[in-house]
Amino acid sequence: MVKTPIYLDYQATTPMDERVLDAMMPYLTSKFGNPHSSTHRFGWEAEAALDVAREQVADVIGSETGEIYFTSGATEANNLALKGIMDVWGKKKPHLVTVVTEHKCVLEAAKSVEKAGCRVTYLPVKPNGLIDLDQLAEAVTTETALVSVMAVNNEIGVIQPMAEIGAICREKGALFHTDAAQAFGKIQLDVDAMNIDLMSISGHKIYGPKGVGALYKRNGRQTTLTPQMSGGGQEGGIRSGTQAPALVAGLGAAAALCKAEMAQEKDRLAKILDRLKSKLFKALPNLLINGDEEARWVGNLNVSFPGLDGDLLLANIRSLAVSSGAACASAVSGPSYVLQAIGRTDAQAKSALRIGVGRFTTDDEIDFAADTLVGAVNAMGGLKP
Ligand SMILES: *Cc1c(COP(=O)(O)O)cnc(C)c1O
């Protein structure tokens with residue numbers, strides 16, 4: 001027997017790993033010091049926690065420890081990268097390139113950059129959700145200060161070609177930022193091999209706590225950016241405000257676990273998702289997969305149920321915690337802009353479900369989910385081709 005509702009929304013957030021909580025506890029209790037207090041042991045032990053976590057995060061992406069800056073999450077890191085870089089470099093190079101399927105926080109930060117007087121190119125994606133590299137190479141000019149392309153898409157799971165994008169940016173002299181909230185700790189990322197200059201990371205997508213993240217920023221004058229917060233100059237002056245040692249220790253521990261278990265976790269999730277996919281497609285051959293079938297994170301399945309309404313389907317599968325292809329951004333209803341960008345009709349987009357599996361998903365849960373979904377679809381009259 002499985003316990004319902006079954007959590008299948010790992011792209012929205014992940015449950016915290018107990019080992020992460022263990023790493024956090026001391027900093028929520030006895031080790032309560034302010035890492036900025038340099039005159040006593042309470043401060044030192046809190047600062048030591050930040051040092052350890054910085055090393056653990058850096059270790060996942062092959063960066064220097066001093067290139068990691070803690071933030072409140074990936075939203076803040078994305079804002080810092082886009083607004084901060086364009087504020088400094090936009091005078092000389094007033095052009096930013098990003099992609100239509102980025103997370104809302106990148107798109108909104110890009111809009112803000114536009115308001116500040118810069119030009120923004122929003123690259124389209126191909127029907128498989130990936131950008132066209134020739135189109136990127138054409139868009140990036142000597143006027144382009146920054147290119148921002150996410151590593152793994154949060155809705156359809158597709159993995160953009162990081163190394164190829166990095167090579168184009170380097171050749172054209174543009175900085176390369178990636179929103180890696182869904183990729184960090186899950187797929188291999190190497191900031192040097194991929195020419196990544198800035199990267200955004202989130203704690204709660206990797207079995208760590210909510211409210212913490214990091215910006216990787218390559219050392220050097222060319223990545224100078226304007227801080228978005230005035231204050232005491234913490235995090236090298238990039239992000240003022242007292243750091244949260246417990247949250248940061250959790251981020252670090254979560255990163256270390258991801259690195260240690262990356263290969264086996266990927267294999268296990270691939271098997272689990274294959275099991276779900278084959279059960280679903282056997283019963284419902286008219287399902288439509290959204291996003292490239294190869295270049296995708298193995299823990300994500302986004303499928304349209306032709307002829308059905310996703311919200312109605314959701315209402316009939318209350319034992320499964322999944323998300324629909326509509327209203328992904330909270331109160332905003334209507335079809336997902338990501339599914340529209342890959343060419344889905346409004347009806348197809350609204351019939352989509354995003355199913356995300358992760359560290360704590362079991363085979364039994366997958367079997368239950370498949371049976372529940374197939375049962376609900378059949379009860380609703382089946383799929384229309
Ligand atoms: C979750 C997510 C974010 C936002 O991260 P927070 O840490 O919640 O601010 C940004 N981008 C992507 C791709 C995400 O999945």
*Kindly compute the distance separating CZ (Phe184) from CG (Asp179), expressed to the nearest 0.5 Å.*
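Phe184 CZ to Asp179 CG: 13.0 Å, rounded to 0.5 Å.
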
_Return the CD to CG distance between Gln348 and Leu308, rounded to the nearest 0.5 Å._
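Answer rounded to 0.5 Å: 12.5 Å.
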
Under a 3.5 Å cutoff, is there a donor and acceptor pairing between the side chains of [X] and [Y]?
X: Glu235; Y: Ser240; result: no
X: His95; Y: Thr121; result: yes
X: Ser304; Y: Asn290; result: yes
X: Gln11; Y: Asn300; result: yes
X: Glu64; Y: Asn219; result: no
X: Lys93; Y: Thr142; result: no

_Test log, rule side-chain hydrogen bond (donor to acceptor under 3.5 Å, both in side chains), inputs Asn302 and Glu155_ = CA-CA 7 Å; Asn302 191 310; Glu155 282 191 46; 5.0 Å; no

*asked:* Under the side-chain contact (heavy atoms from CB on, under 4.5 Å) test against Ile61, which residue among Ile196, Asp192, Ile68, Asp190 passes?
replied: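 Answer to the side-chain contact (heavy atoms from CB on, under 4.5 Å) test with Ile61 among Ile196, Asp192, Ile68, Asp190: Ile68.
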
*With Ser324, which of Asp309, Asp311, Leu313 fulfils side-chain contact (heavy atoms from CB on, under 4.5 Å)?*
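Of all the options given, the one that passes is Asp311.
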
_side-chain contact (heavy atoms from CB on, under 4.5 Å) between Val357 and Val298, worked out_ = CA-CA 9 Å; Val357 299; Val298 294; over 6 Å; no

*Check the hydrophobic clustering (I, L, V, M, F, W, Y; side-chain heavy atoms under 4.5 Å; chains of links allowed) and say if Met150 and Leu96 are grouped together.*
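Not linked; separate clusters.
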
Using a strict threshold of under 4.0 Å (side-chain N to carboxylate O), is an ion pair present between [Y] and [X]?
X: Lys271; Y: Glu265; value: no
X: Asp59; Y: Lys259; value: yes
X: Lys126; Y: Asp292; value: no
X: Asp197; Y: Lys217; value: no

Does any non-hydrogen side-chain atom of [Y] lie less than 4.5 Å from one of [X]?
X: Met380; Y: Leu312; value: yes
X: Glu102; Y: Val99; value: yes
X: Met16; Y: His204; value: no
X: Phe176; Y: Leu198; value: no

How far apart are the closest heavy atoms of [X] and [Y], and which atoms are they?
X: Val100; Y: Val125; value: CG2-N, 4.3 Å
X: Gly358; Y: Leu269; value: O-CD2, 3.4 Å
X: Ala81; Y: Leu215; value: CB-CD1, 4.1 Å

Give a yes or no on this: more than 12 heavy atoms of other residues, nucleotides or ligands lie within 6.0 Å of atom [atom1] of [X].
X: Gln222; atom1: CD; result: yes
X: Glu55; atom1: CD; result: no
X: Lys279; atom1: NZ; result: yes
X: Gln188; atom1: CD; result: no

*May I ask you to check whether Phe32 and Phe42 place their ring centres under 6.0 Å from each other?*
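Here the rings of Phe32 and Phe42 have centres that are less than 6.0 Å from each other.
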
_Leu247 vs Met24, side-chain contact (heavy atoms from CB on, under 4.5 Å): CA-CA, chis, key distance, verdict_ = CA-CA 7 Å; Leu247 297 177; Met24 294 171 64; 4.0 Å; yes

Give a yes or no on whether the backbone of [Y] and the side-chain of [X] come within a donor-acceptor separation of less than 3.5 Å.
X: Ser336; Y: Val338; value: yes
X: Glu76; Y: Thr71; value: no
X: Arg218; Y: Val191; value: yes

*Quiz item: cation-pi between Arg359 and Tyr207, 6.0 Å / 45°*: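 Judged by the rule, Arg359 and Tyr207 form a cation-pi pair.
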
*Asp9 vs Arg354, salt bridge (Lys or Arg N to Asp or Glu O under 4.0 Å): CA-CA, chis, key distance, verdict*: CA-CA 7 Å; Asp9 206 5; Arg354 178 184 71 182; 3.0 Å; yes

